[in-house]
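No experiment lies behind these values; they were computed from the predicted model shown.
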Amino acid sequence: MKLGLAIGFALLVILLGLAFYKYEKFIPNLAPIHPALSAQEIEEINKTKPVTTIEVFKQQRQLKLKHHDQIIRSYPFRLGFNPIGHKQFEGDGKTPEGTYTIDWRNPQSAYYKSLHISYPNPNDLAYAKQRQKSAGGDVMIHGTVPTPATAFPASSTYMPRKDWTLGCIAVTNADMDEIWQLVKNGTQIIIHP
């Protein structure tokens, strides 16, 4: 009886270890959450200090909304599953580096809401074409929780511990709400290594 219990316990530990290994990146990050901006604060920023540039610092995992040289707001994020280096091809798991624009938005995105980054530019397309590959596309800033799961109370502040996207920039859904209201189409986005 004791041997059977020990074997069962060992199997349970092994299964839990394998599950942790496979899904560890989705365990929530327990870092402190910054307080959300009120509707009045967002309106005031849009009137007096509208966002002129988004700067993304991949290594620091920080997205900064700026009014010229002044930082208006900063957000943590997660990247593609292969985050180091510039995106070159479809499926490489990288996030682009360089200067792009926010060129359209999707209020019914698979991951809550999304702002499209204008990747690939002509240089990106030429590089991929020269190597007879697709440059990819549909690189977005989006939320971290799929739209159908937003009914869960903790979904708005959920941030996975590790990078997981296919090349997008993922912020919490609560942060996506703020970014959605503060960033206009046509805003320049500079993505640093």
Side-chain angles (χ1 to χ4, degrees), residues 29 31-80 83-87 94-125 135-147 150 154-160 163-193:
N29 186 7
I33 301 164
H34 54 261
L37 293 174
S38 69
Q40 294 81 13
E41 289 171 317
I42 290 172
E43 186 178 337
E44 184 67 21
I45 289 170
N46 282 332
K47 283 183 185 174
T48 61
K49 297 177 185 175
V51 173
T52 55
T53 309
I54 303 168
E55 282 200 70
V56 174
F57 297 89
K58 288 171 63 174
Q59 186 174 11
Q60 293 83 12
R61 303 299 191 272
Q62 285 291 308
L63 181 149
K64 297 181 185 294
L65 302 184
K66 296 177 80 176
H67 175 74
H68 302 296
D69 289 333
Q70 181 183 4
I71 297 170
I72 303 300
R73 197 79 162 140
S74 185
Y75 304 96
F77 63 80
R78 296 295 175 258
L79 291 169
I84 297 171
H86 175 61
K87 182 167 192 62
K94 296 182 183 299
T95 303
E97 296 171 358
T99 302
Y100 298 91
T101 58
I102 300 299
D103 55 0
W104 53 272
R105 60 188 57 223
N106 182 358
Q108 264 110 42
S109 173
Y111 282 91
Y112 191 53
K113 296 176 181 173
S114 61
L115 300 176
H116 185 262
I117 298 168
S118 64
Y119 174 89
N121 64 26
N123 291 339
D124 298 322
L125 288 169
D138 285 337
V139 177
M140 312 276 196
I141 301 171
H142 61 65
T144 54
V145 177
T147 301
T150 58
S155 69
S156 67
T157 57
Y158 170 72
M159 174 63 77
D163 296 321
W164 60 275
T165 75
L166 298 178
C168 295
I169 299 165
V171 297
T172 68
N173 287 8
D175 289 348
M176 192 64 226
D177 279 333
E178 288 185 9
I179 294 167
W180 182 269
Q181 295 175 74
L182 292 169
V183 172
K184 307 297 180 229
N185 288 357
T187 301
Q188 182 182 63
I189 179 169
I190 303 165
I191 306 171
H192 303 279

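Among residues two or more places apart in sequence or in another chain, the side-chain contact (heavy atoms from CB on, under 4.5 Å) test is passed with Ser114 by Asn106, Ser109, Met140, His142. Residues that satisfy the salt bridge (charged side-chain N to carboxylate O under 4.0 Å, His left out) test with Arg105, not counting sequence neighbours, are absent from this structure. Shown here are the side-chain contact (heavy atoms from CB on, under 4.5 Å) partners of His192, two or more places apart in sequence or in another chain: Glu55, Phe57, Ile190. Annotation: side chain to side chain donor-acceptor pair (under 3.5 Å) contacts of Thr95 (sequence neighbours excluded): none. Here Asp103 pairs with Thr101, His116, Ser118 under the side-chain contact (heavy atoms from CB on, under 4.5 Å) rule; sequence neighbours left out. With sequence neighbours left out, the side-chain contact (heavy atoms from CB on, under 4.5 Å) criterion links Ile42 to Leu37, Asn46, Glu178, Gln181, Leu182. For Tyr111, there are no side chain to side chain donor-acceptor pair (under 3.5 Å) partners, not counting sequence neighbours. Not counting sequence neighbours, the partners of Glu43 by the salt bridge (charged side-chain N to carboxylate O under 4.0 Å, His left out) test are Lys47. For Glu97, the salt bridge (charged side-chain N to carboxylate O under 4.0 Å, His left out) partners at least two apart in sequence or on another chain are Lys58.
You'll find the side chain of Ile191 stays beyond 4.5 Å of the side chain of His86, heavy atoms only. Side-chain contact between Pro193 and Gln59 is absent, with no heavy-atom pair separated by less than 4.5 Å. Residues Asn121 and Tyr100 have side chains in contact (heavy-atom distance under 4.5 Å, counting atoms from C-beta outward). Counting heavy atoms from C-beta outward, Trp180 and Pro107 have side chains that approach closer than 4.5 Å. Looking at Ile141 and Val183, their side chains never come closer than 4.5 Å, going by heavy atoms from C-beta outward. At least one side-chain heavy atom of Pro76 sits less than 4.5 Å from a side-chain heavy atom of Gln62.
Residue pairs meeting the salt bridge (Lys or Arg N to Asp or Glu O under 4.0 Å) criterion with at least one partner in residues 109-118, sequence neighbours excluded, are Lys113-Asp177. Sorted pairs that involve residues 182-193 and meet salt bridge (Lys or Arg N to Asp or Glu O under 4.0 Å), not counting sequence neighbours, are lacking altogether. Sorted by first then second residue, the ring pair (Phe, Tyr, Trp, His ring centres under 6.0 Å) pairs that include residues 35-54, not counting sequence neighbours, number zero.
The OH atom of Tyr119 lies 14.0 Å from the CD1 atom of Ile189; values are rounded to the nearest 0.5 Å. In this structure, CE in Met176 is found 11.0 Å from OG1 in Thr144, a value given to the nearest 0.5 Å. For the atom pair CD1 (Ile71) and OG1 (Thr53), the distance works out to 11.5 Å, reported to the nearest 0.5 Å. Separation of atoms CD1 (Ile179) and CD1 (Ile54) is listed at 7.5 Å; rounding is to 0.5 Å.
Taking a 6.0 Å sphere around CD of Gln70, one finds it holds more than 12 heavy atoms contributed by other residues, nucleotides or ligands. Residue Lys49 places its NZ atom among 12 or fewer non-hydrogen atoms of other residues, nucleotides or ligands, all under 6.0 Å distant. No more than 12 heavy atoms of other residues, nucleotides or ligands sit less than 6.0 Å from atom CD1 of Ile84.
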task = Run the numbers on Tyr75 and His34 for side chain to side chain contact (heavy atoms under 4.5 Å, CB included), then give the verdict.
result = CA-CA 9 Å; Tyr75 304 96; His34 54 261; 3.6 Å; yes
task = Output, in order, the C-alpha distance, side-chain angles, deciding distance and verdict of side chain to side chain contact (heavy atoms under 4.5 Å, CB included) for Ile117 and Ile102.
result = CA-CA 5 Å; Ile117 298 168; Ile102 300 299; 4.1 Å; yes
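Counting all heavy atoms, side chain and backbone alike, Tyr112 lies closest to Gly143 at CB-CA, 4.4 Å. Nearest heavy-atom pair, Thr172 versus Ser156, reported as atom, atom and distance to 0.1 Å: CB-O, 3.4 Å. Closest non-hydrogen pair, Gly137 versus Pro120, comes out as CA-CD, 4.2 Å. Between Leu125 and Ala135, the shortest heavy-atom contact is CD2-CB, 4.2 Å.
Using a 4.0 Å cut-off between charged side-chain N and carboxylate O, Asp163 and Arg61 make a salt bridge.
Partner of Pro96 under the side-chain contact (heavy atoms from CB on, under 4.5 Å) criterion, chosen from Val139, Asp124, Val56: Val139.
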